[in-house]
**Q** 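To start, I am sharing the structure in question, which I have written as structure tokens.
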Amino acid sequence: MNAPTVPVLRTAIPGPASEALAARKVAAVSAGVSTGLPVYIDHAGDGVLVDVDGNELIDFGAGIAVTSVGAANPRVIDAVRRQVGDFTHTCFMVTPYEEYVAVCEQLAEVTPGDHEKRSALFNSGAEAVENAVKIARHATGRPAVVAFDHAYHGRTNLTMALTAKNVPYKHRFGPFAGEIYRVPMAYPFRWPGGSEACAAEALDAFVSQVHAQVGEENTAAVILEPIQGEGGFIVPPPGFVAAVASWCREHGIVFIADEIQTGFCRTGDWFACEHEDTVPDLICTAKGIAAGLPLAGVTGRAELMDAVHPGGLGGTYGGNPVACAAALGAIETMRADDLAGRARHLEELFRPRLEALASKYEQIGDVRGRGAMLAVELVESAEDHTPNLALTARINQACHRSGLVTLTCGTFGNVFRFLPPLVIPDDVVAAGLDLLDAAFAASV
Ligand SMILES: Cc1ncc(COP(=O)(O)O)c(C=O)c1O
């Protein structure tokens with residue numbers, strides 16, 4: 001067998017050039033903006049990040065599920081270069097341009113449901129979520145929004161209110177926006193009544209709490225990540241997402257799917273809701289949509305999206321033409337190269353290796369996820385499911401030192417998540433999984 005060509009480590013991680021930049025960062029960048037692995041990147045490709053010391057690292061994070069088509073995708077680069085040469089900004093609300101319309105046409109095609117749709121474009125996931133809530137409130141005339149335990153929807157004031165986890169996202173940043181109500185999430189691994197009972201009991205809890213504590217007639221929207229991201233890659237039991245959506249429909253409540261992390265082929269379909277046969281009323285997208293250029297969208301039923309008065313939605317940069325050009329290049333790549341199929345293939349590479357680790361180490365309590373969005377949850381032992389934060393941190397550091405970029409997540413910080421670029425070559429995946437094995441062996 002040929003030796004893997006990556007990672008290539010020329011220095012310790014981080015190396016001296018990265019250390020020098022980290023020192024400049026301390027003096028110039030707010031301490032509130034921290035870095036998980038302070039290697040400074042010089043250039044990047046399909047699943048490989050090359051740092052300023054010449055180290056070549058394997059990327060199992062894709063910039064948090066963003067560079068699905070790769071960090072230097074040729075179609076994206078060509079489209080961006082062309083657009084930058086033509087013009088960089090006019091403001092769509094002042095003098096519009098075709099690229100914005102073309103992205104909205106693509107969103108209508110690739111998002112679930114064949115009903116008439118409209119979209120509006122923004123700059124970040126949080127901004128998309130904010131606007132979805134604005135649209136739902138405006139269209140229904142109701143104030144309340146329901147979000148779930150372990151949810152993550154962003155860091156602006158309204159989206160902090162929707163996000164569940166305190167440190168680091170909310171701590172001392174309140175007071176938060178009002179009329180947000182939280183209900184239990186269907187989290188099979190930690191459901192008090194056991195995973196078998198989770199679907200039915202979680203749905204009961206959701207319905208009864210919204211009824212008793214909020215009131216259906218006061219509720220504008222329910223927002224749900226079909227697989228929760230930052231909260232721990234929590235996959236609700238089959239049927240939960242569809243049941244929540246259909247209960248919302250019965251009560252005239254807008255069902256918002258936050259597919260910012262799960263969207264654009266990540267879970268093996270264009271969108272994770274498809275796997276659940278669920279058509280959301282509004283869907284929020286960002287991250288994978290434009291290969292890293294700042295772009296986000298809200299797409300939804302025409303009657304909801306068009307309920308808003310002219311001028312009610314927008315922003316100076318939303319749907320910037322360069323970001324739209326990148327999105328058109330990224331979406332074309334997802335279609336042409338069947339990246340949803342590629343995500344399913346990545347699951348076939350990752351899952352058996354993660355399950356083999358789980359059968360070796362009782363500290364892996366759960367292996368879960370879908371497509372190229374997979375995770376392991378670390379606990380104290382097979383009997384004691386207390387979150388094992390210390391072990392998670394040790395393994396993460398061991399991965400980093402060996403040249404593998406890994407991410408953790410979870411309300412309790414004890415989940416390893418794997419979000420490789422969808423174009424990562426198989427041999428790079430295998431080399432990364434070997435490093436993960438070694439990190440477990442050295443750390444448990
Ligand atoms: C599900 C989900 N919603 C919203 C956001 C916020 O997106 P952004 O960081 O672009 O504001 C994220 C980001 O991680 C996310 O995963």
**Q** Tell me the closest heavy-atom pair linking Arg137 and Arg142, and the distance in Å.
**A**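 That would be CG-O, 3.4 Å.
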**Q** Quick test of your reading of the model: are Arg344 and Glu348 salt-bridged, counting only N-O distances below 4.0 Å?
**A**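 No, this pair does not count.
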**Q** Considering only NZ, NE, NH1 and NH2 on the basic side and carboxylate oxygens on the acidic side, decide whether Lys360 and Asp437 come within less than 4.0 Å.
**A**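 So Lys360 does not pair with Asp437 through a salt bridge.
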**Q** Taking only Lys NZ, Arg NE, NH1 and NH2, and the carboxylate oxygens of Asp or Glu, determine whether Arg10 and Asp51 approach each other closer than 4.0 Å.
**A**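 Result for this pair is no, no salt bridge flagged.
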**Q** Verify side chain to side chain contact (heavy atoms under 4.5 Å, CB included) between Leu391 and Val444, making sure each step is shown before the conclusion.
**A** CA-CA 7 Å; Leu391 180 61; Val444 174; 4.2 Å; yes
**Q** Would you say Glu179 and Val145 make side-chain contact, with heavy atoms under 4.5 Å?
**A**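 Glu179 vs Val145: side chains apart.
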**Q** Flag this pair as yes if the NZ/CZ of Lys287 is under 6.0 angstrom from the six-membered ring centre of Phe264 and inside a 45 degree cone about the axis; otherwise no.
**A**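 Because its charged atom misses either the 6.0 Å distance or the 45° angle limit, Lys287 does not stack over Phe264.
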**Q** For Arg190 and Asp366, run salt bridge (charged side-chain N to carboxylate O under 4.0 Å, His left out): C-alpha distance rounded to whole Å, both residues' side-chain angles, the deciding distance at 0.1 Å, then the answer.
**A** CA-CA 10 Å; Arg190 293 195 177 276; Asp366 197 20; over 6 Å; no
**Q** Is there a side chain to side chain contact (heavy atoms under 4.5 Å, CB included) between Val254 and Cys248? Walk through the geometry before answering.
**A** CA-CA 6 Å; Val254 177; Cys248 286; over 6 Å; no
**Q** Restricting to non-hydrogen atoms, name the atom on Thr5 and the atom on Val8 that form the minimum distance, rounded to 0.1 Å.
**A**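 Shortest heavy-atom separation between Thr5 and Val8 comes out as O-CG2, 3.2 Å.
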**Q** Is any side-chain N of the basic residue among Glu230 and Arg417 closer than 4.0 Å to the acidic one's carboxylate O?
**A**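 Yes, this pair counts.
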**Q** If we check side-chain contact (heavy atoms from CB on, under 4.5 Å) with His153, which of these qualifies: Ile256, Leu158, Leu162, Val133?
**A**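 Going through Ile256, Leu158, Leu162, Val133 one by one, the side-chain contact (heavy atoms from CB on, under 4.5 Å) with His153 is satisfied by Leu162 alone.
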**Q** What I want to find out is whether Arg335 reaches Glu109 closely enough, with some N-O distance under 4.0 Å, to be called a salt bridge.
**A**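 The answer is yes: the pair qualifies as a salt bridge.
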**Q** How far apart are the C-alpha atoms of Asp149 and Lys165, what are their side-chain angles, what is the distance that settles it, and do they pass the salt bridge (charged side-chain N to carboxylate O under 4.0 Å, His left out) test?
**A** CA-CA 8 Å; Asp149 280 340; Lys165 186 172 174 173; over 6 Å; no
**Q** Are Arg351 and Glu355 packed together at the side-chain level, in the sense that at least one heavy-atom pair is separated by less than 4.5 angstrom?
**A**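 Of all side-chain heavy-atom pairs linking Glu355 with Arg351, at least one is under 4.5 Å.
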**Q** Please report the C-alpha distance between Phe206 and Phe240 in whole Å, then the side-chain angles of each, then the deciding distance to 0.1 Å, and finally whether the ring-ring contact (aromatic ring centres under 6.0 Å, His included) criterion is met.
**A** CA-CA 10 Å; Phe206 162 75; Phe240 181 76; 7.0 Å; no
**Q** Can Leu422 and Leu346 be said to form a side chain to side chain contact (heavy atoms under 4.5 Å, CB included), step by step?
**A** CA-CA 8 Å; Leu422 302 180; Leu346 287 171; 4.2 Å; yes
**Q** With the side chain counted from C-beta on, respond yes when Glu56 and Pro7 share a heavy-atom pair under 4.5 Å apart, and no when they do not.
**A**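 Sidechains of Pro7 and Glu56: no contact.
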**Q** May I ask you to test the Glu377-Val367 pair for a side-chain heavy-atom distance under 4.5 Å?
**A**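 No. Closest side-chain heavy atoms not under 4.5 Å.
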**Q** Would you indicate whether Tyr317, at its atom OH, is surrounded by more than 12 heavy atoms from other residues, nucleotides or ligands within a distance under 6.0 Å?
**A**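 12 or below, so no.
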**Q** More than 12 non-hydrogen atoms from neighbouring residues, nucleotides or ligands closer than 6.0 Å to CD on Glu362, yes or no?
**A**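 More than 12 heavy atoms, drawn from other residues, nucleotides or ligands, come within 6.0 Å of this atom.
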**Q** With a 6.0 Å cut-off (strictly less than), is the heavy-atom count around NE2 of His211, excluding the residue itself, greater than 12?
**A**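 Not buried by this count: 12 neighbours or fewer within 6.0 Å.
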**Q** Angle between ring planes, Phe418 versus Phe60, binned at 30° and 60°: parallel, tilted or perpendicular?
**A**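 Perpendicular: the ring planes of Phe418 and Phe60 meet at over 60°.
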**Q** Looking at side-chain heavy atoms only, is the closest gap between Phe416 and Cys409 below 4.5 Å?
**A**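 A side-chain contact is absent here, since even the closest heavy-atom pair is not under 4.5 Å.
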**Q** Looking only at heavy atoms, what is the nearest atom pair of Ala72 and Ala44, with distance?
**A**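 Distance-wise, the nearest heavy atoms are CB-O, 3.5 Å.
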**Q** Between Leu328 and Gln106, is the side chain to side chain contact (heavy atoms under 4.5 Å, CB included) condition met? List the steps.
**A** CA-CA 8 Å; Leu328 295 171; Gln106 290 297 321; 3.9 Å; yes
**Q** Taking side chain as C-beta onward, heavy atoms only, is Val235 less than 4.5 Å from Gln228?
**A**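 Sidechains of Gln228 and Val235: no contact.
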**Q** Identify the two heavy atoms, one from Pro112 and one from Ile283, that lie closest to each other, and give their separation to 0.1 Å.
**A**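 Residues Pro112 and Ile283, closest heavy atoms: CD-CD1, 3.9 Å.
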**Q** Counting C-beta onward and ignoring hydrogens, is there a side-chain heavy-atom pair between Ser195 and Phe189 closer than 4.5 Å?
**A**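 No; the side chains remain at least 4.5 Å from each other.
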**Q** Run the ring-centre check on Trp247 versus Phe255 and record whether the distance is less than 6.0 Å.
**A**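 No.
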**Q** Is Arg266 paired with Glu259 through a side-chain N to carboxylate O contact shorter than 4.0 Å?
**A**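 No.
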**Q** In terms of side-chain geometry, is the basic nitrogen of Arg370 or Glu276 positioned less than 4.0 Å from the acidic oxygen of its partner?
**A**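 Glu276 and Arg370: salt-bridged.
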**Q** Would you check if Leu339 and Val423 make a side-chain contact, meaning some heavy-atom pair closer than 4.5 Å?
**A**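 Yes; the side chains approach each other to less than 4.5 Å.
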